[in-house]
Amino acid sequence: MRRLLILPLIIMISSSCKKSSESAKPVVLDDATYKGTFQRKLDTYGNISNVQLNFSSGKFSGTSDQGKYPGICNGTFSIKGDSIEFMNACVWTAEFDWSLILGGSFAVKQNGNDLRLSRKYMNGKYEDVYLLTKQ
């Protein structure tokens with residue numbers, strides 16, 4: 001009798017695992033321009049700048065409406081699973097916070113034409129967030 005009760009439970013658990021892994025779609029960035037905002041959050045507060053990122057054949061470039069907030073120039077990128085790695089190719093001067101440079105690893109979430117890039121640091125105290133829409 002116990003076996004009859006356990007079997008349906010095992011089937012339900014295994015089928016729910018298959019559904020969640022099947023629904024996960026890989027991130028694919030088309031060669032396109034994405035526009036949106038950047039915010040460095042400290043407990044949900046932070047200045048917001050308007051940004052533009054251009055992706056083309058594994059390369060990126062971009063701009064911000066606020067000087068070096070964030071520091072966007074150009075370089076290459078690669079996507080692995082749910083993260084994107086930026087390798088910035090520009091030379092930067094020393095008068096600003098280099099953690100604002102678009103470089104390193106970000107978590108990436110894609111929903112249709114919307115893209116969210118984020119990374120936390122300083123034990124989660126700060127979070128950099130790019131909210132972008134494909135143009």
Side-chain angles (χ1 to χ4, degrees):
M1 187 67 162
R2 278 184 156 176
R3 289 182 184 168
L4 291 175
L5 294 175
I6 293 175
L7 185 59
L9 181 62
I10 292 171
I11 292 170
M12 283 180 18
I13 291 171
S14 65
S15 67
S16 68
C17 292
K18 288 178 187 175
K19 287 179 187 174
S20 65
S21 65
E22 288 172 3
S23 66
K25 295 180 182 177
V27 173
V28 177
L29 287 181
D30 297 326
D31 290 355
T33 297
Y34 289 78
K35 291 184 179 181
T37 61
F38 166 81
Q39 183 178 27
R40 170 158 288 172
K41 294 181 178 184
L42 171 63
D43 298 327
T44 70
Y45 171 79
N47 291 334
I48 297 174
S49 64
N50 296 305
V51 296
Q52 175 177 313
L53 289 176
N54 309 301
F55 296 100
S56 178
S57 302
K59 296 180 180 179
F60 79 91
S61 63
T63 58
S64 171
D65 70 349
Q66 295 184 35
K68 299 178 183 169
Y69 184 82
I72 304 174
C73 190
N74 63 63
T76 60
F77 71 93
S78 61
I79 297 173
K80 294 179 184 152
D82 61 353
S83 68
I84 184 169
E85 179 83 21
F86 290 97
M87 286 68 64
N88 194 294
C90 294
V91 176
W92 295 92
T93 55
E95 83 282 356
F96 75 105
D97 180 353
W98 280 23
S99 70
L100 288 166
I101 296 172
L102 180 58
S105 185
F106 286 77
V108 60
K109 291 183 182 177
Q110 190 174 37
N111 185 12
N113 288 333
D114 295 331
L115 195 63
R116 183 182 196 277
L117 309 176
S118 63
R119 71 174 167 194
K120 292 183 180 183
Y121 53 98
M122 301 276 299
N123 294 325
K125 183 176 180 180
Y126 294 99
E127 182 179 27
D128 289 348
V129 178
Y130 291 82
L131 298 175
L132 307 165
T133 301
K134 182 178 167 183
Q135 301 302 293

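Only heavy atoms go into these numbers, but all of them, side chains included; no hydrogens, no water, no symmetry mates.
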> If every non-hydrogen atom of Cys90 is compared with every non-hydrogen atom of Asn74, which pair is closest and at what distance?
Replying inline: SG-N, 3.5 Å
>> I need the Thr63 OG1 to Gln52 CD distance, nearest 0.5 Å.
In response: 5.0 Å
> Of all residues at least two apart in sequence or in a different chain, which pass the side-chain hydrogen bond (donor to acceptor under 3.5 Å, both in side chains) check with Thr133?
Replying inline: Asp114
> Is Phe77 reachable from Val129 through a run of I, L, V, M, F, W or Y residues, each pair having side-chain heavy atoms under 4.5 Å apart?
Replying inline: no
> Could you state the interatomic distance from CD (Gln110) to CG (Leu132), rounded to the nearest 0.5 Å?
Replying inline: 11.0 Å
> Distance from Asp31 atom CG to Asn54 atom CG, nearest 0.5 Å?
Replying inline: 10.5 Å
>> On a heavy-atom basis, which atom in Tyr69 and which in Ser64 lie closest, and how many Å separate them?
In response: O-OG, 2.7 Å
>> Are Leu29 and Phe38 connected into the same hydrophobic cluster when the rule is that any two of I, L, V, M, F, W, Y join if their side-chain heavy atoms are below 4.5 Å apart?
In response: yes
> Got a donor-acceptor contact below 3.5 angstrom from the Glu127 side chain to the Lys41 backbone?
Replying inline: no
>> Could you report the tightest heavy-atom contact between Gln39 and Gly46, atom names first, then the distance?
In response: NE2-O, 2.9 Å
> Which pairs with one or both residues in residues 60-80 pass salt bridge (Lys or Arg N to Asp or Glu O under 4.0 Å), sequence neighbours excluded?
Replying inline: Lys68-Glu95
>> Asn50 vs Thr37, test: side-chain contact (heavy atoms from CB on, under 4.5 Å). Steps then yes/no.
In response: CA-CA 5 Å; Asn50 296 305; Thr37 61; 3.9 Å; yes
>> Is the distance from the ring center of Tyr130 to that of Tyr34 below 6.0 Å?
In response: no
> Rounded to the nearest 0.5 Å, how far apart are CD1 of Ile84 and CZ of Phe60?
Replying inline: 9.0 Å
> Does one hydrophobic cluster hold both Leu53 and Leu131, with members joined at side-chain heavy-atom distances below 4.5 Å?
Replying inline: no
Could you pull out all donor-acceptor pairs under 3.5 Å where a side-chain atom in residues 97-104 meets a protein atom, sequence neighbours excluded?
{"unit_1": "Asp97", "atom_1": "OD1", "unit_2": "Ser99", "atom_2": "N", "d": "2.9"}
{"unit_1": "Asp97", "atom_1": "OD1", "unit_2": "Ser99", "atom_2": "OG", "d": "2.7"}
{"unit_1": "Asp97", "atom_1": "OD2", "unit_2": "Arg40", "atom_2": "NH1", "d": "3.2"}
{"unit_1": "Asp97", "atom_1": "OD2", "unit_2": "Ser99", "atom_2": "OG", "d": "3.1"}
{"unit_1": "Trp98", "atom_1": "NE1", "unit_2": "Thr93", "atom_2": "O", "d": "2.7"}
{"unit_1": "Ser99", "atom_1": "OG", "unit_2": "Arg40", "atom_2": "NH1", "d": "3.1"}
{"unit_1": "Ser99", "atom_1": "OG", "unit_2": "Arg40", "atom_2": "NH2", "d": "3.1"}

>> Minimum heavy-atom separation for Phe86 and Leu117, please, with both atom names.
In response: CZ-CD1, 4.0 Å
>> Just verifying a value: how many Å separate Phe106 CZ and Arg116 CZ, rounded to the nearest 0.5 Å?
In response: 11.5 Å
> Taking only residues two or more places apart in sequence, or in another chain, which ones meet Glu85 in a side-chain hydrogen bond (donor to acceptor under 3.5 Å, both in side chains)?
Replying inline: none
>> Apply the hydrophobic cluster definition, ILVMFWY joined by side-chain contacts under 4.5 Å directly or through others, and give me every member besides Tyr121.
In response: Leu42, Met122, Tyr126
>> Tell me every residue that passes side-chain hydrogen bond (donor to acceptor under 3.5 Å, both in side chains) with Thr76, counting only those two or more places apart in sequence or in another chain.
In response: none
